[in-house]
Number of protein chains: 2
Amino acid sequence: MQVTPELLSAFPSLKPLPPATLARLAQESEVRKFARRGVVMTAGVREEFVCFLFEGRLQGVDFTIDGREVGLYFVEPGDFCGELGMFDHGPQPEFVIALTAAVTVFVPMESLRLVTMENPVLLKLLGQRLAARVRQLTRQRSLLGLPNISQRVCCQLWLLVSDDARQHLQSSVINNPPTHMEIAIMLNLSRETVSRVFQILQTRNIVRRDGTSLLHVSDSAALKRLADGSEEL
Amino acid sequence: MQVTPELLSAFPSLKPLPPATLARLAQESEVRKFARRGVVMTAGVREEFVCFLFEGRLQGVDFTIDGREVGLYFVEPGDFCGELGMFDHGPQPEFVIALTAAVTVFVPMESLRLVTMENPVLLKLLGQRLAARVRQLTRQRSLLGLPNISQRVCCQLWLLVSDDARQHLQSSVINNPPTHMEIAIMLNLSRETVSRVFQILQTRNIVRRDGTSLLHVSDSAALKRLADGSEEL
DNA sequence: TTAGCTGAGTGACTACAATCACATAGTAGC
DNA sequence: GCTACTATGTGATTGTAGTCACTCAGCTAA
């Protein structure tokens with residue numbers, strides 16, 4: 001399918017580029033659609049594209065030697081993934097799969113590399129982005145160190161709450177919340193354990209489910225206390 | 001203490017820089033020595049230096065909310081740490097502590113930033129380095145997903161084995177191996193558990209301790225099998 | 001409507017790693 | 001040498017999360 005420069009400029013990281021550059025990139029890029037559970041990027045393969053997510057939700061996942069799934073991060077619309085090879089020409093370290101049906105734009109890595117040479121702004125953005133990834137991985141790692149399981153779940157939930165709700169301890173809504181299974185693989189837990197924690201949170205009126213695509217966080221303050229360990233579940 | 005350009009050029013990442021640049025950097029840098037357990041970098045602080053390790057061994061560590069220590073990575077001589085702020089001016093995400101007495105060179109981040117503008121080679125190196133860090137964090141994360149504890153320990157041990165010993169399944173030696181405690185915090189285990197796994201490995205003649213600073217891996221093939229799960233302990 | 005699928009809730013049981021509480025061995029400093 | 005400290009080894013006990021085996025709810029596609 002045809003990619004227009006306008007489509008590309010919908011992505012915050014590409015927006016600063018000059019129109020001519022966007023036009024060139026657009027010509028070389030392609031739209032790819034994925035069904036739920038589709039494999040967007042394959043681990044160990046030198047993917048020659050950076051994947052920009054237009055619609056849907058992706059997840060970076062890895063597998064342990066014994067086949068267990070490990071959740072790494074989520075990709076939200078406007079964001080991108082598969083950019084690691086931009087820096088070291090190495091293979092994609094993890095799988096990226098579609099959690100929902102997704103629309104993406106694949107931009108060839110080599111073209112993007114040329115663009116960064118002329119546009120330091122993009123290079124800088126990519127660097128910041130990679131740094132953010134390291135910070136996220138580090139935070140997630142220290143989350144896994146928590147010996148208390150419900151605290152781990154609450155911390156993860158807390159990270160999904162919007163920034164301003166976190167700041168002002170307001171009640172808020174999480175759109176398209178991850179399934180229990182998805183949370184479980186992020187936190188090294190079994191699905192059942194996550195389910196049991198959610199049960200407690202719900203009976204305590206801290207969170208409330210609303211259909212499959214909404215999760216209300218009614219009592220942000222309590223969730224925060226559980227997340228930072230000042231209160232036990 | 002005075003830093004000479006020669007000292008700086010001992011670091012692989014700085015070696016490619018022109019002598020004049022090295023001389024300038026050397027003037028602005030300083031040697032800092034740390035005792036065992038000394039804090040090299042503090043989490044949450046905007047450290048204005050990149051730390052190059054000359055002698056000794058450092059470890060990046062974080063702490064969970066409840067105060068538990070979490071091991072993230074090791075820094076070996078010739079390598080550096082604290083470079084994340086180069087990309088996004090953000091604070092240092094984790095602590096770095098000295099595992100042994102250590103000699104380091106602190107290079108001001110701002111000077112290094114200026115140098116990268118004139119020397120794309122350094123910029124590229126930094127990017128590769130950050131990418132390597134992401135890969136390492138990802139690998140470590142999937143290690144934590146292993147449900148079998150001895151496999152986890154063996155995997156970690158396997159990562160400490162030198163590359164060519166890994167390739168050819170030769171017996172090899174790990175210099176200054178991490179203590180059981182250091183391994184434990186990297187793998188989310190208790191010290192005792194690590195100790196018990198080592199006991200089994202030793203009675204099976206797979207590894208052998210030689211004083212405090214050497215660990216012989218006598219049976220690399222067995223270690224590999226244990227690491228990849230084709231054999232159980 | 002029905003079938004089929006995925007996600008979620010729940011009880012019973014169990015394995016296993018953490019914890020505690022020591023003992024012992026190295027090493028470093030004086 | 002002696003002392004102090006850190007690293008390591010080991011048993012007993014216990015808590016707790018994983019696993020298994022279900023049921024149930026909600027969605028969607030024939």
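Lettering follows sequence order; numbering is per chain, from 1. Quick caveat: nothing in here was measured; it's all calculated off a predicted structure.
Computed from coordinates, the B/Ile183 CD1 to D/dT8 C1' distance equals 12 Å when rounded to whole Å. If you measure from atom CZ of B/Arg196 to atom P of D/dA12, you get 11 Å, rounded to the nearest angstrom. The separation between B/Leu144 atom CG and C/dA17 atom C1' is 15 Å, rounded to whole Å. Between the CZ atom of B/Phe198 and the C1' atom of D/dT10 there is a distance of 17 Å, rounded to whole Å. Per the geometry, CD belonging to A/Glu192 stands 14 Å off P belonging to D/dC22, to the nearest Å. If you measure from atom CD of B/Glu232 to atom C1' of C/dC16, you get 13 Å, rounded to the nearest angstrom. Atom-to-atom, CG of A/Leu214 to P of D/dC27 comes out at 12 Å; the value is rounded to the nearest Å. Whole-Å rounding puts the B/Arg152 CZ to C/dA18 C1' distance at 13 Å.
Judged purely by distance below 3.5 Å, without hydrogens or angles, the side chains of B/Glu94 and B/Tyr73 pair a donor atom with an acceptor atom. A donor-acceptor contact closer than 3.5 angstrom links the side chains of A/Asn148 and A/Ser150.
Between the CD atom in B/Glu182 and the CD atom in B/Glu69 there is a gap of 8.5 Å [rounded to 0.5 Å].
The aromatic rings of B/Phe95 and B/Phe63 sit perpendicular to each other, their planes meeting at more than 60°, with 30° as the lower class boundary.
Nearer the 5' end of DNA chain D, as judged by each residue's closest nucleotide, is the contact made by A/Ile149, out of A/Ile149 and A/Gly211.
Side-chain N/O atoms of B/Arg68 and base N/O atoms of C/dT19 include no donor-acceptor pair closer than 3.5 Å.
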Show each protein N/O and nucleotides 28-30 of chain D N/O combination with a separation under 3.5 Å, one pair to a line.
none

Which protein N or O atoms sit under 3.5 Å from an N or O of nucleotides 5-8 of chain C?
residue, atom, partner, partner atom, Å
C/dG7, OP1, A/Arg36, NH2, 2.4
C/dA8, OP2, A/His180, N, 2.8

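Nucleic acid contact class of A/Asn188 (heavy atoms, under 4.0 Å, all strands): sugar-phosphate only.
With a 6.0 Å radius and a threshold of 12 heavy atoms from other residues, nucleotides or ligands, B/Phe54 has its CZ atom at or below the threshold.
With respect to B/Arg204 and B/Glu231, a salt bridge is recorded, a charged nitrogen being found less than 4.0 Å from a carboxylate O.
The side chain of B/Thr193 places an N or O atom within less than 4.0 Å of a non-bridging phosphate oxygen (OP1 or OP2) of C/dA18. Within the 4.0 Å cut-off from OP1 or OP2 of D/dG9, at least one side-chain nitrogen or oxygen of B/Gln202 is found. Between B/Ser190 and C/dT19 there is no side-chain polar atom (N or O) within less than 4.0 angstrom of OP1 or OP2.
In this structure, the side chains of A/Cys81 and A/Leu58 come closer than 4.5 Å at one or more pairs of heavy atoms.
The side-chain tip of B/Arg57 points at the ring of B/Phe74 from less than 6.0 angstrom away and within 45° of straight on. Remark: B/Arg209 is not positioned above the aromatic ring of B/Phe198, lacking an NZ or CZ atom under 6.0 angstrom from the ring centre and at most 45 degrees off the axis.
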